Number of protein chains: 2
Amino acid sequence: MRNRIEDVAAAAGVSMKTVSRVLNNEPNVRAEMRERVMRAVEKLQYKPNPSARSLAGHRSYSVALVYNNPSRNYLMEIQGGMLEACHDSGYNLFLSPLSTGKEKVAEIQTLFRNFGPDGVVLIPPLTDDKVVLDFLEQRGVPFACIAPKHAADRIGVGMDETTAVLDLMAQLIKLGHRRIGHIKGPSAHGASQWRYSGYKQALQRAGIEYDPALVVPGAFSFDSGEQGANALLALKHPPTAIFAANDDMAAGVIRAAALRGLSVPRDLSVCGFDDTPISRHIHPALTTIRQPTSEMGRMATLELLARIKSPEAGRMLRVDHAVLIRESTAAPRRR
Amino acid sequence: MRNRIEDVAAAAGVSMKTVSRVLNNEPNVRAEMRERVMRAVEKLQYKPNPSARSLAGHRSYSVALVYNNPSRNYLMEIQGGMLEACHDSGYNLFLSPLSTGKEKVAEIQTLFRNFGPDGVVLIPPLTDDKVVLDFLEQRGVPFACIAPKHAADRIGVGMDETTAVLDLMAQLIKLGHRRIGHIKGPSAHGASQWRYSGYKQALQRAGIEYDPALVVPGAFSFDSGEQGANALLALKHPPTAIFAANDDMAAGVIRAAALRGLSVPRDLSVCGFDDTPISRHIHPALTTIRQPTSEMGRMATLELLARIKSPEAGRMLRVDHAVLIRESTAAPRRR
DNA sequence: TTGTATGCGTTATCAC
DNA sequence: GTGATAACGCATACAA
């Protein structure tokens with residue numbers, strides 16, 4: 001069988017406890033001892049048994065990504081970043097899909113009954129789901145949020161999405177667009193508010209009157225983008241540009257335009273948000289805002305792990321955006 | 001703290017061991033006892049502690065998805081299916097990304113040193129990676145494969161991809177295409193061979209001479225599809241249709257065609273393979289072959305779990321395909 | 001600063 | 001068919 005902590009202790013000529021101290025970076029151990037133990041660990045290729053560790057230490061050395069109906073791309077990116085952070089820290093990652101209905105309480109309870117992760121990373125819209133948050137807080141489980149609506153007293157990571165949209169809209173306006181449509185995201189997401197807010201503020205700054213007819217609801221899905229575009233393009237005075245609140249919806253706009261015989265960007269400019277792979281894979285390639293999603297997953301996990309180790313630690317971080325001008329935007333056609 | 005097996009034993013008036021037997025479906029326990037234990041379990045809402053189980057039972061009750069540079073969509077689907085199967089069986093899922101270089105041996109060793117999953121699911125191209133397979137076999141770890149090149153003596157799930165391509169190509173040929181190009185996948189994937197083979201067989205059946213100039217290499221990536229299309233469309237006698245070995249490459253073909261001012265499907269028919277979301281999100285929507293990827297992940301996991309429980313169990317399953325005719329294919333333009 | 005003894009919750013061994 | 005008891009490998013009061 002594999003080496004145990006006892007074997008390491010024997011090889012180093014110290015007690016189990018000393019080995020344990022060294023392995024867990026505890027204080028009160030002389031440098032010399034530490035050295036000796038580390039050598040023995042190396043030599044025996046010792047790896048602690050996670051089950052024994054968990055059992056004795058009342059910790060699972062794992063964190064859960066708890067999610068609920070997000071886009072696959074987004075999820076994949078977050079997951080990738082979390083995996084990286086977990087791997088580097090010797091933690092394990094659980095995936096916990098929750099349903100959208102009332103049963104999510106039972107599901108998250110089951111998660112904790114079965115595996116008891118030491119902490120949780122939440123992504124929208126669960127970052128602002130009262131039921132889930134109450135459960136976590138009441139149970140005293142550390143959690144980090146990615147792009148939560150309400151960031152006060154939270155740890156995790158977010159982006160100044162409003163400013164990002166302001167930058168993007170400025171480009172559109174500079175090109176000469178004045179009738180700009182917007183397809184919103186679902187209201188449960190903070191992102192929907194921030195992006196909508198950026199849209200409105202940009203118009204205001206440019207002295208363009210806000211026209212409610214140019215704003216339609218969406219669901220962050222391709223289909224809802226297509227529908228939204230159809231609604232906007234059927235207007236008596238259709239917009240010359242459409243800012244969809246995410247890339248999937250923007251792809252839907254591109255399709256709707258194509259089906260109507262409109263050429264993008266000649267007849268219509270389109271932009272999205274997120275810089276998901278689809279933004280480069282459709283034609284024309286989407287002008288969009290890059291969000292370092294994977295990095296955000298990594299950072300949120302790191303903050304979570306910090307808090308798990310000490311209740312004082314953990315911050316709410318901010319990451320930078322970048323406006324990516326590609327092929328889907330151009331000056332409006334002269335009338 | 002939570003209830004222990006001891007509490008259940010006390011509540012049921014039996015010994016710990018009997019409870020354990022009931023919980024693990026072991027034989028040698030009277031129906032009446034079983035009933036009594038189950039009632040106590042219900043009443044106390046008892047859930048076994050996974051760490052203690054693993055420690056004492058020398059099992060981790062977890063399986064790993066071991067992968068290496070596949071498409072994000074594919075990975076996500078497989079993962080989703082595996083998650084479902086794991087959840088239903090009380091197993092846990094580990095994600096184990098491996099690098100492409102020589103270090104993957106060390107990485108998979110680390111996986112086992114650290115977590116020791118009870119079994120592994122492999123996806124292409126790792127399904128046929130000698131280094132990985134040798135490690136697994138030598139160590140005696142049960143594993144299931146999805147779409148392996150060499151299915152003999154393996155368990156897992158696959159699809160008759162050659163027949164699927166035959167069906168797809170028949171549609172193209174029926175439309176009147178006779179110069180059909182093909183962008184291959186990387187040779188490490190069985191899928192590349194099968195799809196290429198289906199392409200050739202379809203031509204042969206239709207009495208169309210195979211022209212090597214119409215076949216170009218690809219890497220299953222969007223960019224490689226775009227490059228392949230550019231190569232094919234630059235030919236003196238360019239094809240009237242292109243069959244790309246997967247959807248991502250087909251999307252690249254669509255883009256290449258658009259940049260060259262070609263209208264799809266009027267000037268060029270395009271089809272892909274996999275039915276990933278992008279096939280519906282680009283314009284025109286791709287004619288492709290649906291592969292029940294998520295279901296395949298689920299099935300492979302189930303077979304793996306069967307084998308984990310008994311070395312005799314576990315089969316190599318086959319799933320059905322479906323040809324999805326969408327907007328990217330039509331009759332060739334008359335010359 | 002270092003070591004000893006006990007417990008974590010389950011499975012496995014071996015009697016009965 | 002059932003039950004007492006010893007592992008499993010590590011952490012942690014507590015003692016030295």
Side-chain angles (χ1 to χ4, degrees), chain A residues 1-38 40-41 44-62 90-92 112-116 118 308-309, chain B residues 1-38 40-41 44-62 90-92 112-116 118 308-309:
Chain A
M1 219 47 190
R2 7 193 317 181
N3 286 316
R4 297 159 302 166
I5 203 170
E6 194 181 323
D7 304 319
V8 177
V14 300
S15 74
M16 281 172 56
K17 178 60 194 167
T18 300
V19 177
S20 178
R21 270 194 266 263
V22 172
L23 259 39
N24 296 299
N25 285 316
E26 284 173 35
N28 295 339
V29 48
R30 280 193 324 220
E32 184 209 339
M33 285 278 117
R34 196 177 291 276
E35 187 62 27
R36 226 158 76 193
V37 170
M38 287 312 285
V41 166
L44 297 180
Q45 294 252 342
Y46 171 76
K47 293 281 178 188
N49 177 318
S51 302
R53 238 152 93 102
S54 298
L55 183 58
H58 305 281
R59 278 175 253 134
S60 68
Y61 294 95
S62 67
Y91 269 68
N92 186 26
F112 277 88
R113 291 200 75 81
N114 288 347
F115 300 113
D118 297 338
I308 286 173
K309 277 158 199 157
Chain B
M1 217 49 190
R2 4 191 323 179
N3 285 317
R4 297 160 302 165
I5 204 171
E6 193 181 325
D7 303 320
V8 177
V14 300
S15 76
M16 283 171 55
K17 181 58 193 169
T18 299
V19 177
S20 178
R21 271 195 265 263
V22 171
L23 259 38
N24 296 297
N25 286 315
E26 283 172 36
N28 295 339
V29 46
R30 279 194 323 222
E32 185 209 340
M33 286 278 116
R34 196 176 292 274
E35 187 62 28
R36 226 158 76 192
V37 169
M38 287 313 285
V41 167
L44 297 180
Q45 293 252 344
Y46 170 75
K47 293 280 178 190
N49 177 319
S51 302
R53 236 152 93 104
S54 298
L55 182 59
H58 305 280
R59 275 172 257 136
S60 67
Y61 294 95
S62 67
Y91 269 69
N92 186 26
F112 276 88
R113 291 200 75 81
N114 287 347
F115 301 113
D118 297 338
I308 286 173
K309 277 159 200 156

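Everything numeric in this text was worked out from a predicted model, so none of it was measured. Throughout, protein chains are lettered first and strands after them, A, B, ... in sequence-line order, and every chain is numbered starting at 1.
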Using only modelled atom types and a 3.5 angstrom limit, is any donor from either the side chain of B/Lys17 or the base of D/dA4 paired with an acceptor on the other?
no
Would you indicate, yes or no, if D/dG9 has its OP1 or OP2 atom less than 4.0 angstrom from a side-chain nitrogen or oxygen of A/Arg53?
no
Between B/Val14 and B/Leu55, just flag the one whose closest nucleotide in DNA chain D comes earlier from the 5' side.
B/Val14
Which nucleotide sits closest to the side chain of A/Arg4: D/dT2, C/dA12, D/dC8?
D/dC8
Going by heavy atoms in the side chains, are B/Arg21 and B/Met33 under 4.5 Å from each other?
no
For D/dG3, does OP1 or OP2 lie under 4.0 Å from any side-chain N or O of B/Thr18?
yes
Using a 4.0 Å heavy-atom cut-off, does B/Arg59 contact any base of the nucleic acid, only the sugar-phosphate backbone, or nothing at all?
sugar-phosphate
How is B/Tyr46 classified with respect to the nucleic acid when contacts are heavy atoms under 4.0 Å: base, sugar-phosphate, or nothing?
sugar-phosphate
Check: C/dG9 base within 3.5 Å donor-acceptor of B/Arg2 side chain:
no
In Å, rounded to the nearest 0.5 Å, how long is the span from NZ of A/Lys47 to CG of A/Asn3?
12.5 Å
Between A/Arg21 and B/Met16, which residue's closest nucleotide on DNA chain D lies nearer the 5′ terminus?
B/Met16
So, does A/Arg30 get its side chain near the phosphate of C/dT2, meaning an N or O under 4.0 Å from OP1 or OP2?
yes
Can you find a side chain N or O atom of B/Ser20 that sits less than 4.0 Å from OP1 or OP2 on C/dT11?
yes
Tell me, yes or no, whether the heavy-atom count around A/Lys17 atom NZ, taken from other residues, nucleotides or ligands under 6.0 Å, exceeds 12.
yes
Heavy atoms under 4.0 Å, any strand shown: does B/Arg34 hit a base, just sugar-phosphate, or nothing?
nothing
Using a heavy-atom cut-off of under 4.0 Å over every strand shown, decide if A/Asn49 touches base, sugar-phosphate, or nothing.
sugar-phosphate
Short question: side chain of A/Arg59, backbone of A/Asp118 - any donor-acceptor pair under 3.5 Å?
no
